[in-house]
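Heavy-atom basis, side chains included; hydrogens, waters and symmetry copies ignored. Here is the naming used below: chain letters follow the sequence lines, and residue numbers restart at 1 for every chain.
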Protein chains: 2
Amino acid sequence: MDDEWNAQAQGGRRLKPGQHVIISLRRMIAEGSFRPGERIAEIATAEALGVSRMPVRTALRALEAEGLVEKLGARGYAARSISAADIHGAIEVRGVLEGLAARRLAVRGLTPAEDARFAACLAEGEAIFAKGTLAQGDVDRFHDYNLAFHNLLVEASGNPSIGQALERNDHLPFASAVALALENEPADEFAHLHSAHRDHLAVIAAIRLGDAPAAERGMAEHARAALGSERLFQRFR
Amino acid sequence: MDDEWNAQAQGGRRLKPGQHVIISLRRMIAEGSFRPGERIAEIATAEALGVSRMPVRTALRALEAEGLVEKLGARGYAARSISAADIHGAIEVRGVLEGLAARRLAVRGLTPAEDARFAACLAEGEAIFAKGTLAQGDVDRFHDYNLAFHNLLVEASGNPSIGQALERNDHLPFASAVALALENEPADEFAHLHSAHRDHLAVIAAIRLGDAPAAERGMAEHARAALGSERLFQRFR
DNA sequence: AAATTCATTATTGGATCCAATAACGATTCA
DNA sequence: TGAATCGTTATTGGATCCAATAATGAATTT
């Protein structure tokens, strides 16, 4: 267990080899370290990562369940090839699921505690865009705000099945709610990210008005906005 | 490996111990053999099933990913308690996902091959109800027809993410498309099952007309029809 | 009586090894 | 030349065992 793996500790606590393995494999898959179809074998991967086969086997099973790798029968595993159509479909699924979450909230209304949480969340978004431009750190800040917004929406919906259905998407590159297909310097992304923030404001406004169709449609369109990014499809043709 | 496990062979081919284990555990969970919260430990389960810990560990990991069990940290696993609200939410998620599948088909239309496959599938349904009553074997026959219809709809939609998002539901009791909350003798279930079949006919008619809103709404309402069964909620209060 | 400490136990994670099986490539036959 | 067969290799599945750690209950202290 070398320094790189120690550096992967989270919350100041060292991760177990099994956790390291799955994090490493996810990153390698996301970075395109494996060509689609290229074999990922337990033994070779264990040797490369300096662990025994057990944590690699466990990790590959989990990644298979997440749809990031597919089993080649007795021949090991392979990174799943992801097409632009796959991304398109995953975003569409995200749209209807988050739309359902928004509709549920609009139908039954927000509790005062929920309303306060959404208000605090959106205030963070307002703060990010208040000065009319983005600094370097603001992209990470927006990332955190965006993730918090989507997680809160799903949690507040009161239907855990929505979050469970979204779990696959959360691991698929660019289909996750936090996928940010940035193509330019942060300062040039102001309009792009600000548009996403305005979508958030519009959806919560519709929820507060009890306008279920508008809330649902707003979230579905918000998800589809990700499809407009050119870089999204360069990698997956 | 006793006769019971040999009897679990599928397709005339003996299953591996790992496959037996996960099938056995799924059945025990579905049958309520474990009380919610009751510990399911690797060692005790392995002894009970006559295998080593390895296939049990693999199976428990998979069942955790499916949402049927939850990890108790270093204390093992427990069958996840499922409430009526959980079932309600899962059915709602199924409704929007299958509604999305129906909408996609209505928007882009059916190919002649797809239309033929749907026609053949629905003809099987027509045959089941043609004589105006149900025989004993007709419930299994309807089960197979129903499963084929839902699978074909998702497959024909051309969006694999819909099927992937539905995978969790497929393992949740009563949330699966093939959940049949039968409460009476087969002959008495004619109206119930026939209504489901007529829903299928209406959805395909809407798809053929290119009426995307009607197709989507029809599938969502078809999923919600499962909520009307009284026995659905007896078990999960 | 309540809180704290400590020893023990139960449990999972991982390492190692062997068995079983599928896949592959070379050889042989028609 | 193509098909079939066979031997070899690569790979995963599972068994066994040990290490690490969390949980539990008893004993001690306040």
From the set [options], return the single nucleotide nearest to any side-chain atom of [X].
| X | options | value |
| --- | --- | --- |
| A/S52 | D/dA10, C/dA15, D/dG13 | C/dA15 |
| B/R39 | D/dG13, C/dG13, D/dT24 | D/dT24 |
| A/P55 | D/dG13, C/dT11, C/dA15 | C/dA15 |
| B/K71 | C/dT11, C/dG13, D/dG14 | C/dG13 |
| A/A41 | D/dG13, D/dT16, D/dT12 | D/dT12 |
| A/R53 | C/dT11, C/dG13, C/dC18 | C/dC18 |
| B/I43 | C/dG14, C/dA10, C/dT12 | C/dT12 |

Between [atom2] of [N] and [atom1] of [X], the distance in whole Å:
| X | N | atom1 | atom2 | result |
| --- | --- | --- | --- | --- |
| B/Q19 | D/dG13 | CD | P | 10 Å |
| B/R61 | C/dG13 | CZ | C1' | 8 Å |
| A/L49 | C/dG13 | CG | C1' | 17 Å |
| B/L60 | C/dT11 | CG | C1' | 12 Å |
| A/H20 | C/dA15 | NE2 | P | 12 Å |
| B/L63 | C/dT12 | CG | P | 14 Å |
| B/R75 | C/dG13 | CZ | P | 13 Å |

With a 3.5 Å cut-off and just heavy-atom distances, do the side chain of B/R57 and the base of C/dG14 make a donor-acceptor pair?
yes
Where is the tightest heavy-atom contact between [X] and [Y], given as atom of each residue plus distance?
| X | Y | value |
| --- | --- | --- |
| B/R141 | B/A127 | NH2-CB, 3.7 Å |
| A/S157 | A/I162 | OG-CD1, 3.7 Å |
| A/A102 | A/I207 | O-CG1, 3.8 Å |

Which word best sums up how the rings of A/H197 and A/Y145 line up, parallel for under 30°, tilted for 30 to 60°, or perpendicular for over 60°?
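Because their plane-to-plane angle is over 60°, the rings of A/H197 and A/Y145 count as perpendicular.
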Do B/H150 and B/M219 have side chains that get closer than 4.5 Å, going by heavy atoms?
yes
More 5' along DNA chain C: A/M54 or A/L72, using each one's nearest nucleotide?
A/M54
